[in-house]
Amino acid sequence: MSKDSYKLVANNKKAYHDYFIEDTYEAGIALSGTEVKSLRMGRCSIKESFIRIEKGEVFIYGMHISPYEKGNIFNKDPLRVRKLLLHRRQISKLVGQIAEKGYTLVPLKVYFTGSLAKVEIGLAKGKKLYDKRQDIAKKDQRREAEKDFKIRNLG
C-alpha cells in the first residue's frame, strides 16, 4: 500500500453550512487498537463533535466511533474524549487566533493517509442566518442552471 493513499471515513457537511472555514489543519488522533479497526470499517460520525484546546493540548469531543464487534473487553467508550496530535507551533498559533478573533475549531473530515488516521480541522467563523440563506439561494440557482443545461443538451 502506498504511503499517500487516501481513504475518507467521515465527512462533516454541516460544518460548511454553519461556518465560514478560514484555514485547515491536519491532525493525528490518539486511538486504541479497536477504534482503528472500527474506523477502517467506516464506523465514525463527527456531526455533533467539536474541538477544544486545554492546557496546550487539543481534544475532540463528541466524535462517535462505534465499538468493534470482535473487540469485547478492549472496546473503549464510543464517545470518549480523544487527543489530537498537532505540533506545538500550530497549537500556539490556533490558541492566538481563537482568543483574538473569535474563531472556533470544527472537525471537517476523518480519513486515513496510508496507515495513519487523521482529522482535518477547520478554523471557522460562525455564519449568521442571512449568510446561510444566501448559500441556500446560490445552491438552488446552481441546481436550476445545471437542470436547464441538461435539458438543452438532451433536446
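Because the structure is a prediction, the values reported are computed rather than measured.
- With values rounded to the nearest 0.5 angstrom, Leu116 atom CG is found 10.5 Å from Ile29 atom CD1.
- Leu31 has its side chain within reach of Ile65: a pair of non-hydrogen atoms, C-beta onward, lies under 4.5 Å apart.
- Considering every non-hydrogen atom in both Ile21 and Gly122, the closest pair reads CG2-CA, 4.1 Å.
- Taking both residues in full, the closest heavy atoms of Leu86 and Glu26 are given as CD2-O, 3.6 Å, listed atom of the first, atom of the second, then distance.
- Residue pairs meeting the salt bridge (charged side-chain N to carboxylate O under 4.0 Å, His left out) criterion with at least one member in residues 6-17, sequence neighbours excluded, are Lys14-Asp18.
- In plain terms, the two heavy atoms of Cys44 and Ala10 that are nearest each other are O-CB, 3.8 Å.
- Taking hydrophobic clusters as Ile, Leu, Val, Met, Phe, Trp and Tyr residues chained together by side-chain heavy-atom distances below 4.5 Å, Leu123 does not share a cluster with Val106.
- For the pair Lys109 and Leu8, the minimum side-chain heavy-atom distance is below 4.5 Å.
- Rounding to the nearest 0.5 Å gives a distance of 12.5 Å between CG of Leu94 and CZ of Arg89.
- Hydrophobic clustering (ILVMFWY, side-chain heavy atoms < 4.5 Å, transitive): Ile46 and Leu39 are in one cluster.
- The OH atom of Tyr25 sits 7.0 Å away from the CD atom of Gln90 when rounded to the nearest 0.5 Å.
- Closest heavy-atom contact between Ile91 and Gly56: CD1-O, 3.6 Å.
- Residues Val95 and Ile51 are members of one and the same hydrophobic cluster, defined by side-chain heavy-atom contacts under 4.5 angstrom among Ile, Leu, Val, Met, Phe, Trp and Tyr.
- The heavy-atom pair separating Gln97 from Tyr103 by the smallest distance is O-CD1, 3.6 Å.
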Before giving the answer on salt bridge (Lys or Arg N to Asp or Glu O under 4.0 Å), spell out for Glu57 and Lys83 the whole-Å C-alpha distance, their side-chain angles and the decisive distance to 0.1 Å.
-> CA-CA 7 Å; Glu57 293 183 326; Lys83 185 176 176 182; 2.9 Å; yes
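- Atom-to-atom distance recorded for Arg43:CZ and Met41:CE is 4.0 Å, nearest 0.5 angstrom.
- Nearest approach of Leu84 to Ile121, heavy atoms of both residues: CD1-CD1, 3.7 Å.
- Looking at residues two or more places apart in sequence or on another chain, you find no salt bridge (Lys or Arg N to Asp or Glu O under 4.0 Å) involving Lys47.
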What's the verdict on side chain to side chain contact (heavy atoms under 4.5 Å, CB included) for Gln134 and Ile136, showing C-alpha distance, side-chain angles and the deciding distance?
-> CA-CA 5 Å; Gln134 280 178 337; Ile136 291 168; over 6 Å; no
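- Within the 4.5 Å cutoff, the side chain of Phe112 has heavy atoms near those of the Val9 side chain.
- In this structure, Arg82 is not positioned above the aromatic face of Phe59 in the sense of NZ or CZ being under 6.0 Å from the six-membered ring centre and within 45° of the axis.
- Arg142 contributes no side-chain N or O that, together with a main-chain N or O of Ala137, makes up a donor-acceptor pair within less than 3.5 Å.
- Using a 4.5 Å heavy-atom threshold, the side chains of Met63 and Val110 count as touching.
- The structure places CD1 of Ile98 at 3.5 Å from CG of Leu105, a figure rounded to the nearest 0.5 Å.
- Counting heavy atoms from C-beta on, the side chains of Lys37 and Arg40 never come closer than 4.5 Å.
- Atoms CZ and CG, from Phe50 and Asn12 in turn, are 13.0 Å apart once rounded to the nearest 0.5 Å.
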